[in-house]
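Throughout, residue positions are numbered sequentially from 1 according to the sequence presented.
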Amino acid sequence: MANNNQLMNLIASAPANNNSPKPLYDLSLHASICSLDGNTVPALDRISRLPELPRNLLIDVYEMMSQRDSLQDTLLEELSRLEVFARLVRHAPARSKLLRIVAALMANRKMLASRLSEAYVGRYSTKKEQDGDEDGEQPGEHQGRGGGGAEGQEQSQDSLDERAKQLLQEYSQLPIPDEDMASTSSSASAMARARSSQTECPNHELELSVITTAMDQPGSTTPNADAAAAAADDDLDELNGEELQEIDLGLRLGSFLSEAGWMQESISVLTCLNERLKRLAPHKHWLVMRLDCLQRLLYAESAHCNFKLAQRTYNELIELKRSISDRVPSDLVAMTYTQISAMFFARNEYNNSHMWSLHAMRRLKHSATPRIAIDVLRQAAKACVVKRDFARANLLICQAVRRAREHFGRKHQKYGDTLLDYGFFLLNVDSVFQSVNVYKEALGVRRGIFGNMNFHVAIAHEDLSYAYYVHEYSTGDFSCAQDHVDKAVGIMKKLVPSNHLMLASAKRVKALLLEEIALDKMADGMDEEDLLLQSEELHNFALLLSLEVFGEVNVQTAKHYGNLGRLYQTMNRFEEAERMHQKAIKIKTDLLGPFDYEVGLSIGHLASLYNYQMKKYREAEKLYLRSIDISLRLFGLSYSGLEYDYLGLCHVYETLHDFEKYLQYAHTLENWQMLRGQNITQNKFSYPAIEQDYSIDEVKNKFYDTCESSSSSSPQKTEGK
């Protein structure tokens with residue numbers, strides 16, 4: 001009765017005399033969903049027959065079911081069946097809805113991701129090389145081949161042989177047009193099915209890039225060897241349809257899970273598939289399939305900060321390098337280099353990251369699909385940011401944002417991902433307010449897709465929190481920053497182990513906020529030792545985990561030392577603070593050189609300790625002058641971090657009664673304040689957004705013609721993200 005009342009209310013609320021298809025479709029859909037609610041025999045019969053629906057209708061039914069709490073358990077059971085989920089994950093137009101459905105179930109602790117992962121691993125990890133084990137399920141059965149199930153019905157229109165041809169076409173003719181641009185025509189649908197094996201995982205060609213890169217190294221195959229390998233490949237057999245179905249499902253499911261933010265489950269699926277591929281005899285396209293699996297696996301492992309597993313996967317890729325020939329498409333090579341760059345970036349090895357991003361830019365062609373072009377541009381921009389090459393970074397990230405908005409729209413995950421990278425750029429070029437707004441939009445995009453309880457959403461909360469922290473530094477109001485970091489920590493605690501690196505990263509931001517809140521309260525005469533102790537605990541947690549994952553000689557470890565140095569300075573533990581700052585300076589100098597931004601940052605912190613707490617004025621003077629020299633070399637006269645150094649020098653010279661130098665730097669400080677004020681009043685930015693669209697060839701020409709920027713970057717008083 002309640003369902004009938006809901007339907008009557010829906011009909012009553014519909015516009016009068018509106019018989020257009022959309023309202024009628026919605027009414028029919030709602031009526032169908034209402035008929036599923038309950039444990040009656042007709043309802044159970046209807047549920048059992050749902051997979052018989054065409055995929056475009058089935059995804060709408062499942063989406064509406066995901067919005068009703070009473071049907072979520074039923075939906076969980078339906079989607080946990082691999083043959084049902086396979087139909088939808090292979091249907092490109094359904095991808096965004098499928099992401100929302102999974103997010104809705106996972107938010108209510110309906111653990112679909114783990115159910116799917118366990119189902120795939122359970123089905124295929126025990127499968128022997130000889131298909132047809134009498135004690136197990138026959139290969140065709142679970143796919144519904146030739147039967148009356150959903151997949152069997154689909155195969156009546158698209159036989160296994162035809163499906164095999166589509167899959168093989170994908171692997172032999174990479175790159176394939178981006179699935180998100182598929183039309184609804186029959187020919188476009190066929191192409192969408194073929195190309196949808198190339199999932200939306202951003203590292204689509206990682207393994208290949210690793211391998212092709214290795215070809216440039218000593219010991220790689222010669223052209224003659226490549227020709228021989230190509231001739232041998234022509235003599236290999238094709239995979240049968242059943243094996244292709246198995247591989248295709250593993251690639252799609254593994255990539256979908258990582259795209260949806262469930263990295264551990266993705267790793268399980270792709271690891272299982274990788275082992276299966278190892279057992280297969282060589283066949284046409286075996287190498288590309290193996291590489292495709294490994295690159296997706298490497299993406300999931302790196303995104304989950306499991307660098308030990310990532311290193312193992314990387315090693316497997318290197319072992320395959322002798323088999324790679326020049327027939328590998330340029331797009332694939334460009335994405336490979338891009339993903340290597342991203343891996344090094346995640347490990348804070350910025351020189352290597354920058355080098356690989358340059359290789360990727362050289363390989364990028366005008367014919368690249370939008371997704372590949374965007375990902376190459378994004379990663380190259382990030383690598384340029386950490387090398388303080390802001391002019392090039394601005395060119396690349398602006399072009400990436402424009403392409404993502406044009407090709408995917410403002411609600412697509414790719415656009416949200418690109419916005420996060422744009423926010424990172426803006427934060428580092430002193431456009432902090434603009435950075436906050438971009439991060440807010442990126443968070444909105446991710447929440448619109450994934451809901452609130454999701455790995456990707458937690459990262460967006462953390463990034464926005466840090467941007468708010470920098471923006472609110474001068475006001476002392478950290479309420480927005482604290483709200484978002486609390487959400488990030490809360491989500492991470494539920495999704496990852498307590499010793500996970502991503503949780504440590506969020507806790508580090510929280511530690512910075514607690515320290516500043518405590519400082520403000522102490523300035524008002526309040527005792528906030530508890531806040532400082534909480535901050536110390538969080539900083540030490542992050543430091544210990546960084547030491548475990550990255551080791552002592554790493555930029556991230558050095559940043560943690562620097563943050564502890566600042567905290568100990570606040571806590572009047574000056575000798576400990578001095579040791580922390582000195583460690584940070586040494587590690588950064590050894591890794592980045594004596595004139596890097598990070599080195600100047602740590603030098604300035606130690607100068608402040610010597611100046612205001614330890615009364616080592618001459619040492620402070622030398623350090624301030626070094627810090628100023630680095631800032632002027634890299635960022636120019638308007639760099640906002642110069643304020644702290646100029647104020648510090650004024651204090652040093654006033655204390656030493658060197659009034660001539662005091663007046664000199666007081667005047668320099670006044671000029672700096674005037675320059676900064678003019679920039680703010682006139683809304684001037686060192687790197688305004690580039691509104692013009694360029695072709696890939698034009699972007700590459702401008703990229704290589706642009707000199708490294710010498711303008712200002714964001715002054716982070718703390719150790720930066």
Does some side-chain heavy atom of [Y] sit less than 4.5 Å from a side-chain heavy atom of [X]?
| X | Y | answer |
| --- | --- | --- |
| Lys414 | His407 | no |
| Val445 | Lys411 | no |
| Met289 | Leu244 | yes |
| Val438 | Phe425 | no |
| His484 | Val509 | no |
| Glu78 | Pro51 | yes |
| Arg508 | Leu538 | no |
| Leu88 | Tyr62 | yes |

Could you check whether [Y] and [X], counting side-chain N and O atoms only, form a donor-acceptor pair closer than 3.5 Å?
| X | Y | value |
| --- | --- | --- |
| Arg347 | Asn352 | no |
| Tyr439 | Asn437 | no |
| Arg276 | Tyr124 | no |
| Asn315 | Gln311 | yes |
| Asn452 | Arg447 | yes |
| Glu462 | Ser505 | yes |
| Asn306 | Gln264 | no |
| Gln339 | Tyr299 | no |

For the side chain to side chain contact (heavy atoms under 4.5 Å, CB included) test, which of Leu79, Ile47, Ile33 pairs with Met65?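 Answer to the side chain to side chain contact (heavy atoms under 4.5 Å, CB included) test with Met65 among Leu79, Ile47, Ile33: Ile33.
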Derivation of the side chain to side chain donor-acceptor pair (under 3.5 Å) call for Asn274 and Glu316: CA-CA 10 Å; Asn274 183 42; Glu316 289 192 43; 3.2 Å; yes
Keeping [X] on the side-chain end and [Y] on the backbone end, is there a donor-acceptor pair under 3.5 Å?
| X | Y | answer |
| --- | --- | --- |
| Thr313 | Leu309 | yes |
| Thr338 | Ala334 | yes |
| Ser266 | Gly254 | yes |
| Ser255 | Leu251 | yes |
| Thr271 | Ile267 | yes |
| Ser435 | Gly423 | yes |

About how many Å separate [atom2] of [Y] and [atom1] of [X], when rounded to the nearest 0.5 Å?
| X | Y | atom1 | atom2 | answer |
| --- | --- | --- | --- | --- |
| Glu259 | Asp417 | CD | CG | 9.0 Å |
| Tyr422 | Leu427 | OH | CG | 12.5 Å |
| Tyr469 | Lys510 | OH | NZ | 15.0 Å |
| Leu396 | Asp421 | CG | CG | 11.5 Å |
| Glu441 | Leu419 | CD | CG | 5.0 Å |
| Glu243 | Glu246 | CD | CD | 7.0 Å |

Less than 3.5 Å apart, which donor and acceptor atoms pair up between the side chains of residues 101-115 and the rest of the protein, not counting sequence neighbours?
unit_1: Asn108; atom_1: ND2; unit_2: Gln72; atom_2: OE1; d: 2.8
unit_1: Lys110; atom_1: NZ; unit_2: Asp73; atom_2: OD1; d: 2.8
unit_1: Ser114; atom_1: OG; unit_2: Met111; atom_2: O; d: 3.0
unit_1: Arg115; atom_1: NH1; unit_2: Glu77; atom_2: OE2; d: 3.4
unit_1: Arg115; atom_1: NH2; unit_2: Glu77; atom_2: OE1; d: 3.0
unit_1: Arg115; atom_1: NH2; unit_2: Glu77; atom_2: OE2; d: 3.2

Check whether Phe541 forms a cation-pi arrangement with Lys507 (NZ or CZ under 6.0 Å from the six-membered ring centre, at most 45° off the ring normal).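 Yes - Lys507 lies over the ring of Phe541, closer than 6.0 Å to its centre and within 45° of its axis.
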Identify whether NZ of Lys or CZ of Arg in Lys382 sits under 6.0 Å from the centre of the six-membered ring of Phe345 and within 45° of that ring's axis.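 Flagged: Lys382 positioned over aromatic ring of Phe345.
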Quick one, Arg371 with Asp375, criterion salt bridge (Lys or Arg N to Asp or Glu O under 4.0 Å). Give me CA distance, side-chain angles, the key distance, then yes/no. CA-CA 6 Å; Arg371 181 177 300 278; Asp375 285 343; 5.4 Å; no
Using the rule given for salt bridge (Lys or Arg N to Asp or Glu O under 4.0 Å), can you reason through Glu406 versus Arg403, listing the C-alpha separation, both sets of side-chain angles and the distance that settles it, and then say yes or no? CA-CA 5 Å; Glu406 175 185 349; Arg403 280 173 166 78; over 6 Å; no
Should the ring pair His500 and Phe455 be called parallel, tilted or perpendicular, given that the plane angle runs from 0 to 90° and is split at 30 and 60?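 The rings of His500 and Phe455 stand perpendicular, inter-plane angle above 60°.
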What orientation do Phe450 and His456 show, parallel under 30°, tilted 30 to 60°, or perpendicular over 60°?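 Plane angle between 30° and 60°, so tilted.
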Restricting to non-hydrogen atoms, name the atom on Ser465 and the atom on Val485 that form the minimum distance, rounded to 0.1 Å.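 That would be OG-CB, 3.2 Å.
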Starting from the C-alpha separation in whole Å, work towards a yes-or-no answer on side-chain contact (heavy atoms from CB on, under 4.5 Å) for Thr418 and Ile374. CA-CA 8 Å; Thr418 309; Ile374 290 166; 3.6 Å; yes
Might you confirm whether atom NZ of Lys97 has over 12 heavy atoms from other residues, nucleotides or ligands at distances under 6.0 Å?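 Above 12, so yes.
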Name all residues meeting the side-chain contact (heavy atoms from CB on, under 4.5 Å) criterion together with Ala310; count only those two or more places apart in sequence or in a different chain, and write none if there are none.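 Scan of Ala310 (side-chain contact (heavy atoms from CB on, under 4.5 Å), adjacent residues dropped) gives Leu298, Glu301, Ser302.
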Working for side-chain contact (heavy atoms from CB on, under 4.5 Å), residues Ile397 and Phe424: CA-CA 10 Å; Ile397 194 59; Phe424 175 74; over 6 Å; no
Step through it carefully: locate the ring centre of Tyr350, locate the ring centre of Phe344, and say whether they are under 6.0 Å apart.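 Aromatic pair excluded; centres sit 6.0 Å or further apart.
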